[in-house]
Every structure is written in structure tokens, then in C-alpha cells.
Student: 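The structure under discussion is supplied below as C-alpha cells; questions concerning it will follow.
For clarity, every value in this text was computed on a predicted model and none was experimentally measured.
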Amino acid sequence: MKIFITGGTGFVGRSLTARLLESGHELTLLTRSLAHGRPLPPGASYLEGDPTKEGAWQESITRHDGVVNLAGASIFRRWTDAAKQVMRESRILTTTHIVEALKARGTNQTHLLSASAVGYYGFQEDEALDEQSAAGKGFLADLAGEWESAALKATESGVRVVLTRFGVVLGEGGGALEKMIPLFKWWLGSPLGNGKQWFSWIHRQDLANALAFLLEHDNMDGPFNCTAPRPVRNEEMTKILGEVLGKPTFMPAVPRLVLNAVLGEFGSILLKGQKVLPKKLMDAGFSFRFPELRGALEDLLAHSP
């Protein structure tokens, strides 16, 4: 299969690219700037372009069997009005331009996997959430809903659309772990707030495998939760991470007021949580390599100094 990927050089995209190349797919990775001399594995090529803007890159989409849309600015930042605008535009404009390009593909069967997030559900305390659960409220829920609506417009052109709602992705060299590990290594790891909020996570390799699974099974569409089947509470996550790092946690919990003062609105998000379950993936027969947080962290941190 020939696959076009936005965000293919990012934190999630690198794992997915390796996974798809192992399976023999041909990949085109859209990048804002070409890095001359960058080694290319067999089956991969780069195309320069800005997905938030219309351009010649859109013509390339019509020559591919599938599109994986992973582009989107990180939410791990202080949420100023300007930052929110960047988060929104990077998602909605990119998706809109992909959908517009897919209209010109002719009668060829095409698949679109578009990233989304479990933020779609809002924050529901202890309620177990699956793909049938209703949309929530708030900035993240509204953003995810708008993002998904933009992707679903491709169905009007006969495109199979899969909405992949990511939990917190755990992996080496980026993401949430990169921000947490230094604190733990300095013995500063501690729960956030009361520590009772749910933490819905997924190992980066399981996410790559799940995306490949959904891409290769053309009888599946609609939303899929991409989270491990066993979410944990924040206090348990903190305890397990400290033990795996050999840095047991004993610091008091970080108070709500401190988080809000340092991180603003984003700080309040860390004090809430969601218990999200990957029901549709499990029902479809997908097997998680890392269903438990301890095993996932031991794998990811096996060579951590």
C-alpha cells in the first residue's frame, strides 16, 4: 500500500513509519523542510510542504492508497490565546486541506486515519468511557470534536475514515515521559492534586501497531480509542514510575494552586482525568503487547541511566 503521512517525522510518526516499512508499505512523509543528507530507509520518501496551507503537496495525495494524519501542535504548553489558536489551526487546517485533496482522487479506494484525542470525552471522573460515550465539554473536547468533524467530511467523497483517539503516549525521547523523568531522577516525583484522577495511556509501539492494524483492516471505520486496556490513577502511575526508575516517591502531592499558577489553564487539565477503554480495538481482535503500565515503563526505561 502507498501511504501518505503528515506528522510522520514526529514523536508518534517515527514509530509508525518504522512499523509500516517493516510490513512493506511505501511511504511519503510530508515535512515542512527537507533535511539534506537525511538517510532514507527503503520504501520511504519525503515531500516538502506546509499542511496548514494549500499547495502542490496536495496533488501527491491522489497517488496514494491511504493517508495517516498525525499533524498537530503539542498541547503540553501554557494555554495562552495564541497557543490555543496554533493548536486549533495546526489540526483543523491540515485536516481540511487533506480532505479537499482527497476529493480529486477519482474512484480509487482510499483510507484516511486521522488522529484525535481522548480529550473528546471531556472529564468524567470515574466513568468508564468507550467509543459510544458522548462528547464532553471544554476546550479539548471542542477541539477534538471539530478536528473529527473536519476529517469525517471525507466520507462524502467515499473515503473510509477512522478517527484514532489517542491517550497519553509513552515513549523514549519525547512525549510525557520526557517531561516527567527528570523530576523523578531528582527525587521530585509526586502525585498531582489528590492523585485520584485517571491516567489513560498507551505505549508508543502499541499505538504504532494499532494504527497499522486499522489501516490494514478496511472493514473498520469511525472512532477507535487508542489507549491501553488498563488505565491507572495518577497516584499509582507516580508510584510505578518511581519504582521502575529506582527513585521511590515520597514528596507531597503538588497542590492545585501551584499547578494553576505555573501552567495556567493547562495545569487544571492535569488535575482531571478520564478512564478510557479501547473497546472497539479489543472487540476487533487487536492484541496489546503492553497492557500493563509497569511492563510498558520497564520496557521503555530498560536502558535509562
Side-chain angles (χ1 to χ4, degrees), residues 1-21 23 25-35 38 40-41 43-76 85-105 108 110-117 119-120 143-144 146-155 157 159-166 169 171 174-175 204 207-208 210-212 214-216 221 223-224 226:
M1 189 182 297
K2 295 183 65 176
I3 304 168
F4 186 97
I5 304 178
T6 64
T9 60
F11 176 63
V12 172
R14 293 193 301 273
S15 292
L16 177 61
T17 296
R19 169 65 176 78
L20 293 176
L21 288 173
S23 296
H25 298 292
E26 297 180 38
L27 309 182
T28 300
L29 311 180
L30 185 67
T31 180
R32 291 174 183 266
S33 61
L34 294 174
R38 180 188 298 177
L40 286 175
S45 63
Y46 290 112
L47 178 65
E48 188 170 14
D50 182 349
T52 65
K53 300 177 181 178
E54 296 179 336
W57 64 269
Q58 292 171 287
E59 299 174 8
S60 177
I61 286 180
T62 62
R63 299 189 291 274
H64 292 76
D65 306 304
V67 178
V68 180
N69 178 24
L70 301 174
S74 173
I75 68 168
F76 290 93
Q85 182 175 352
V86 169
M87 286 186 271
R88 180 186 178 277
E89 290 183 350
S90 64
R91 288 163 171 77
I92 309 306
L93 292 179
T94 294
T95 305
T96 297
H97 293 150
I98 289 172
V99 171
E100 290 174 350
L102 287 170
K103 293 178 182 178
R105 81 192 191 291
N108 296 330
T110 307
H111 318 280
L112 171 60
L113 265 65
S114 192
S116 182
Y120 171 89
L143 177 60
E146 189 175 0
W147 196 6
E148 293 186 5
S149 294
L152 285 171
K153 290 181 180 178
T155 61
S157 301
V159 176
R160 177 178 73 102
V161 177
V162 179
L163 306 170
T164 53
R165 295 172 179 165
F166 296 0
V169 183
R204 183 167 59 171
L207 177 56
L211 294 174
L214 292 168
L215 190 64
E216 295 165 353
D221 59 14
F224 281 79
C226 293

Student: Rounded at 0.5 Å granularity, tell me how far NZ in K103 sits from OG1 in T62.
Tutor: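 Here the interatomic distance stands at 15.0 Å.
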
Student: Do S114 and T95 have side chains that approach each other closer than 4.5 Å (heavy atoms only, starting at C-beta)?
Tutor: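 Of all side-chain heavy-atom pairs linking T95 with S114, at least one is under 4.5 Å.
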
Student: Side-chain donor-acceptor pair under 3.5 Å between S15 and R19, yes or no?
Tutor: no

Student: Quick one: CZ on R63 to OG1 on T28, what's the gap to the nearest 0.5 Å?
Tutor: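 Nearest 0.5 Å value for the CZ-OG1 distance: 8.0 Å.
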
Student: Using 0.5 Å steps for rounding, measure from the CD atom of E216 to the NE2 atom of H25.
Tutor: 4.0 Å

Student: Can you check side chain to side chain contact (heavy atoms under 4.5 Å, CB included) on I75 and M87, steps first, answer last?
Tutor: CA-CA 7 Å; I75 68 168; M87 286 186 271; 3.6 Å; yes

Student: For T94, check side chain to side chain donor-acceptor pair (under 3.5 Å) against everything at least two apart and list the hits.
Tutor: none

Student: Under the rule for side chain to side chain contact (heavy atoms under 4.5 Å, CB included), what residues qualify as partners of A144, not counting sequence neighbours?
Tutor: S116, Y120

Student: For L29 and G8, which heavy atoms make the closest approach, and how far apart are they?
Tutor: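 That would be CD2-CA, 4.3 Å.
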
Student: So do E100 and Q58 actually touch side chain to side chain, heavy atoms under 4.5 Å?
Tutor: yes

Student: Quick check: do D221 and V161 have side-chain heavy atoms less than 4.5 Å from each other?
Tutor: no

Student: So, for P51 and L30, which heavy atoms are closest and what is the spacing to 0.1 Å?
Tutor: CB-CD2, 3.7 Å

Student: For L112 versus A154, what's the shortest heavy-atom pair and its separation?
Tutor: CD2-CB, 4.1 Å

Student: Could you work out, with salt bridge (Lys or Arg N to Asp or Glu O under 4.0 Å) as the rule, every residue matching E146, not counting sequence neighbours?
Tutor: R88

Student: Could you tell me if the side chain of E89 sits less than 4.5 Å from the side chain of T52, heavy atoms only?
Tutor: no

Student: Would you check if I3 and D65 make a side-chain contact, meaning some heavy-atom pair closer than 4.5 Å?
Tutor: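 The answer is no, as the side chains (C-beta and beyond) never meet within the 4.5 Å cut-off.
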
Student: Using the side chain to side chain donor-acceptor pair (under 3.5 Å) criterion, which residues pair with E54? Sequence neighbours excluded.
Tutor: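 E54: no side chain to side chain donor-acceptor pair (under 3.5 Å) contacts found.
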
Student: Could you work out, with side chain to side chain contact (heavy atoms under 4.5 Å, CB included) as the rule, every residue matching S149, not counting sequence neighbours?
Tutor: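 Side chain to side chain contact (heavy atoms under 4.5 Å, CB included) list for S149, sorted by chain: empty.
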
Student: Of all residues at least two apart in sequence or in a different chain, which pass the side chain to side chain donor-acceptor pair (under 3.5 Å) check with H97?
Tutor: none

Student: List for me each residue that meets side chain to side chain donor-acceptor pair (under 3.5 Å) alongside S60, sequence neighbours excluded, and say none if there are none.
Tutor: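 None.
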
Student: Treating S74 as the side-chain partner and F76 as the backbone partner, does any N or O pair qualify as donor plus acceptor under 3.5 Å?
Tutor: yes

Student: Run the ring pair (Phe, Tyr, Trp, His ring centres under 6.0 Å) test against H64 and tell me which residues pass, sequence neighbours left out.
Tutor: F4

Student: Not counting sequence neighbours, which residues clear salt bridge (Lys or Arg N to Asp or Glu O under 4.0 Å) with R91? List them please.
Tutor: none

Student: May I ask you to test the I61-E59 pair for a side-chain heavy-atom distance under 4.5 Å?
Tutor: no

Student: Heavy atoms, side chains only, cut-off 4.5 Å: are L102 and S157 in contact?
Tutor: no

Student: How far apart are the closest heavy atoms of L215 and H111, and which atoms are they?
Tutor: CD1-CB, 4.4 Å

Student: Please tell me if the side chains of L163 and W147 come closer than 4.5 Å, counting only heavy atoms from C-beta onward.
Tutor: no

Student: Please give me the minimum heavy-atom distance between A150 and T96, naming the atom from each residue.
Tutor: CB-OG1, 4.2 Å

Student: Could you tell me which residues satisfy side chain to side chain contact (heavy atoms under 4.5 Å, CB included) with K53, sequence neighbours excluded, listed by chain and number?
Tutor: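 With sequence neighbours excluded, K53 shows a side chain to side chain contact (heavy atoms under 4.5 Å, CB included) to D50, given in chain and number order.
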
Student: Please check this pair: side chain of N69 against backbone of T6, looking for a donor-acceptor N/O pair closer than 3.5 Å.
Tutor: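 No.
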
Student: Using the side chain to side chain contact (heavy atoms under 4.5 Å, CB included) criterion, which residues pair with L70? Sequence neighbours excluded.
Tutor: I5, V12, L16, V68, A115, F166, L211

Student: Quick one: pull up CZ in F224 and OG1 in T164 and give me the separation to the nearest 0.5 Å.
Tutor: 10.5 Å

